[in-house]
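As a basis for the values below, the full set of heavy atoms in this structure was taken, side chains included, without hydrogen atoms, waters or symmetry mates. Lettering of chains follows the sequences in order, A, B, ..., and the numbering in each one begins at 1.
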Amino acid sequence: MITITLPNGAKKQFTAPTITAFDVAKAIGPRLAQDAIGALINGELRDLHAPIQADAAVTIVTARSDDTHALYLLRHSCAHVMAEAITSLFPSVKLAYGPPLEDGFYYDLELAEPIRQEDFARVETEMARIIAADRPFTRYELPPDEALRKLEHQGNPYKVDNARRALRQNPGTAISFYATGQPGKDWEDLCRGPHLPTTGRIGAFKITSVAGAYWHGDASQQQLQRVYGIAFFSAAELTAHGQRLQAAKERDHRLLGRQLGLFTISPLVGSGLILWLPKGAMVRQELEAFLLQELTRRGYSAVYTPHIGNVNLYKTSGHYPYYKDSQFPTIKMKERDSGDEAEYLLKPMNCPHHIQIYAAEPRSYRDLPIRLAEFGTVYRFEQSGELAGMTRVRGFTQDDAHLFCTPDQVEAELRSTVDMVLHVFRTLGFTEYQCRVSLRAPGSDKYAGEAALWNQAETTLRQVVREMGVPHHEALGEAAFYGPKLDFLVKDVIGRQWQLGTVQLDYVLPERFQLEYIGADNAPHRPVMIHRAPFGSLERFTGILIEHFAGAFPTWLSPVQAIVLSISEKFVDYGRQVVGQLRAAGVRAELDSGDEKIGAKIRRARIQKIPYLLVVGAKEQQAGAVAVRTRQDEDLGAVPVAAFLEKLSAEIRTRA
RNA sequence: GCCGAUGUAGCUCAAUGGUCGAGCAACGGUUUUGUAAACCGUCGGUUGCGGGUUCGAGUCCCGCCAUCGGCUCCA
């Protein structure tokens, strides 16, 4: 007798010694049995036909695209179908690894000839045939020795390696294979599963791209070809997915950056080096002004430091040897008078300079915390393949600050820093965020400093985010070499995740630079440092904001906040007068005095995503008004200039 | 850095190895306009750069540069 507990708490009993989730589904109803593609058995995703021999909690997984388990089965199975298709078209292929992703699936494989985009169509045709044949995914298991012998005989080192790794994790367990059809007769693959019941359950799919990928993600290993695909239960969902991708493309900051005149990159200056155009510079100035206001409120001191520094500084900090490959080469020079050699580095970070400001005079515990802030421009030689628009560049400005405090001030300082990061997110409309608590990788030797201090730092960070109720998760191996950190990840309005600000706790650099303060006991003590940057980099942050707002910045950030559109030449003078009034009140206003018709002017202003369009003609001139139309296509009708200005100023002032 | 793709006017795109075109933008003119594109005209190119094959190269081959999609990296 097997008792099955259903998600609603109901229980069903079966007399057979072995049943499957499919039996459970049939017992509930024929419709559910028809839709079932797998099951959660005691919370674990399994094949629909996996045997159940003891009492269990069972949730039937049905073919729904809003269920991550269902999509997992679908996409994992589609990866298999793709691998089978590729194997039949390219018999010399060696398959490596083919998992589902949050947004599709891929299969890594080794092939002498590259698979090209031109090949996608015939692979898809072959896949369609496999799906139309509606063959069952059939699982079978072999004891470890037999499985390894079989795989070694097949001569595929990747699969042998996969099986060995599985055995290392769970020694002695059987190794599972999935045949698409009948074992021994049809195509099969070493695989942990689970899968759909049959290939026919794959509704709609598409191969999307191919790229290189290293075996086990290790750049020193063999590079494989990674073929990406996407699958849904219905063709309509696939089409909708395509439309979402198209929409994302339209808000790409590189495209909008050009259309809206925000920034450009010139190969004559160098790749990865941003040229801020006047309109982009305006956005940046507003962002900086916003932060400066916060810094002043929170007791920071603004400082300025140079763009280069003696390389010894970075040798002392430990950055230089650690990041040698991703820095611009040093500038070597001989002092004219003394003949002394000096070597300078374009600064890759601001901390050593700020440390020297701290160290410039003796500090008392009464002075702490000292909070030094700077929009500091730094240069890092990122690999060419990494550069992307404003989000990955070689020269960027951090909204940086370094806090020097006593050990017992650390927690309060961390709290206020995290609070500032959250305030920034709230103001800019990032409502969905996650804090990643980035910790050491166990057993790695890349970290500086004593284990005891690391433990203390990690505990403090954990405690702060927990007590502040910040949604967070921990990530091993993501810490900086000098300390653990809090990295803030936000989701933009279309659900893409970005890494923004960071708060880092550092006991190492104060040690390396021998920083001190005199305590109440009249003895020297070592301060603790906190590195923090709520935006991260102004370049990257602006790029993300462009995409987040699709170029339609809130009014306070908009490069042009209102544009006056004259109906005809007769009203240009009045328009100019209105622009003058707006500008006198600090509003960024412009006049479109061209001789196009009003429709054309509106279209142009809409494309530029200007928040307020102010039409002026005879009626408006007479009434001392403007006809207000918003970027969202609301028509607010004729409003007296003074009344409009008051509303607009309030909107800007409150950063609404 | 690695794998693959792409590179034609300011932008978006055409051009079986045979004179590189169009729309938009810009500029000039006409028009004086009422809520997402008025009309006519003009200008604009060493086809990313450098080699090669060919009677002839935007097109084929090689090298470099840049960009895009990934991988790796990210203080």
Taking atom [atom1] in both [N] and [M], compute the distance separating them and give it to the nearest angstrom.
{"N": "B:G51", "M": "B:G4", "atom1": "C1'", "value": "24 Å"}
{"N": "B:G17", "M": "B:C61", "atom1": "P", "value": "12 Å"}
{"N": "B:C13", "M": "B:U54", "atom1": "C1'", "value": "29 Å"}
{"N": "B:U42", "M": "B:G56", "atom1": "C1'", "value": "33 Å"}
{"N": "B:U8", "M": "B:U46", "atom1": "C1'", "value": "13 Å"}
{"N": "B:G41", "M": "B:C65", "atom1": "P", "value": "46 Å"}
{"N": "B:U6", "M": "B:U12", "atom1": "C1'", "value": "15 Å"}
{"N": "B:C24", "M": "B:C40", "atom1": "P", "value": "10 Å"}

Residue [X], side-chain atoms from C-beta onward, closest of [options]:
{"X": "A:Arg254", "options": "B:G69, B:G4, B:U32", "result": "B:G69"}
{"X": "A:Glu569", "options": "B:U32, B:U35, B:C73", "result": "B:U32"}
{"X": "A:Asp595", "options": "B:C71, B:G34, B:U30", "result": "B:U30"}
{"X": "A:Met349", "options": "B:A75, B:C2, B:G4", "result": "B:A75"}
{"X": "A:Ile602", "options": "B:G70, B:A5, B:A36", "result": "B:A36"}
{"X": "A:Arg258", "options": "B:U12, B:G1, B:U32", "result": "B:U12"}
{"X": "A:Gln223", "options": "B:G1, B:A36, B:G70", "result": "B:G70"}

Give none if [N] has no partner; otherwise give the nucleotide forming a Watson-Crick or G-U wobble pair with it, both distances under 3.5 Å.
{"N": "B:A9", "answer": "none"}
{"N": "B:U19", "answer": "none"}
{"N": "B:A57", "answer": "none"}
{"N": "B:G28", "answer": "B:C40"}
{"N": "B:C71", "answer": "B:G1"}
{"N": "B:U33", "answer": "none"}

Greater than 12 external heavy atoms within 6.0 Å of A:Lys446's NZ: yes
Is [X] touching bases, backbone alone, or none of the nucleic acid, heavy atoms closer than 4.0 Å?
{"X": "A:Pro267", "result": "nothing"}
{"X": "A:Lys570", "result": "sugar-phosphate"}
{"X": "A:Ala618", "result": "base"}
{"X": "A:Gln504", "result": "sugar-phosphate"}
{"X": "A:Gln221", "result": "nothing"}
{"X": "A:Lys601", "result": "nothing"}
{"X": "A:Arg226", "result": "sugar-phosphate"}
{"X": "A:Gln117", "result": "nothing"}
{"X": "A:Lys485", "result": "sugar-phosphate"}
{"X": "A:Tyr228", "result": "sugar-phosphate"}
{"X": "A:Ala211", "result": "base"}

Could you check whether the side chain of A:Arg392 and the base of B:C74 have a donor-acceptor pair of N or O atoms closer than 3.5 Å, going by distance alone? yes
Using only heavy-atom distances, decide whether a donor-acceptor pair under 3.5 angstrom links the side-chain of A:Tyr214 to the base of B:G70. no
Electrostatic pair A:Asp635-A:Arg629, nearest N-O below 4.0 angstrom: no
Salt-bridged, A:Glu478 to A:Lys485, with N to O below 4.0 Å? no
Mapping A:Phe571 and A:Pro114 onto RNA chain B by nearest heavy atom, which one lands closer to the 5' end? A:Pro114
Nearest-Å distance for atom pair CD/C1', residues A:Glu539 and B:C74: 15 Å
To the nearest angstrom, how far is A:Arg606 atom CZ from B:U35 atom P? 14 Å
Begin from the C-alpha positions of A:Thr305 and A:Lys347 and carry the test side-chain hydrogen bond (donor to acceptor under 3.5 Å, both in side chains) through to its verdict. CA-CA 10 Å; A:Thr305 65; A:Lys347 69 173 168 184; 2.8 Å; yes
Determine whether the aromatic ring of A:Tyr482 stacks with the base of B:A75, defined as ring centroids separated by less than 5.5 Å and ring planes inclined by less than 30°. no
Describe, in one word, how the ring planes of A:His80 and A:His76 are oriented to each other, choosing from parallel (under 30°), tilted (30 to 60°) and perpendicular (over 60°). perpendicular
Kindly assign one of parallel, tilted or perpendicular to the pair A:Tyr97 and A:Tyr106, based on the angle between their ring planes and the thresholds 30° and 60°. perpendicular
Taking only N and O in the side chain of A:Ser271, is any of them less than 4.0 Å away from OP1 or OP2 of B:A66? yes
Derivation of the side-chain hydrogen bond (donor to acceptor under 3.5 Å, both in side chains) call for A:Thr330 and A:Glu343: CA-CA 6 Å; A:Thr330 55; A:Glu343 198 174 353; 2.7 Å; yes
Test side chain to side chain contact (heavy atoms under 4.5 Å, CB included) applied to A:Gln222 and A:Tyr214, step by step: CA-CA 6 Å; A:Gln222 165 96 16; A:Tyr214 300 104; over 6 Å; no
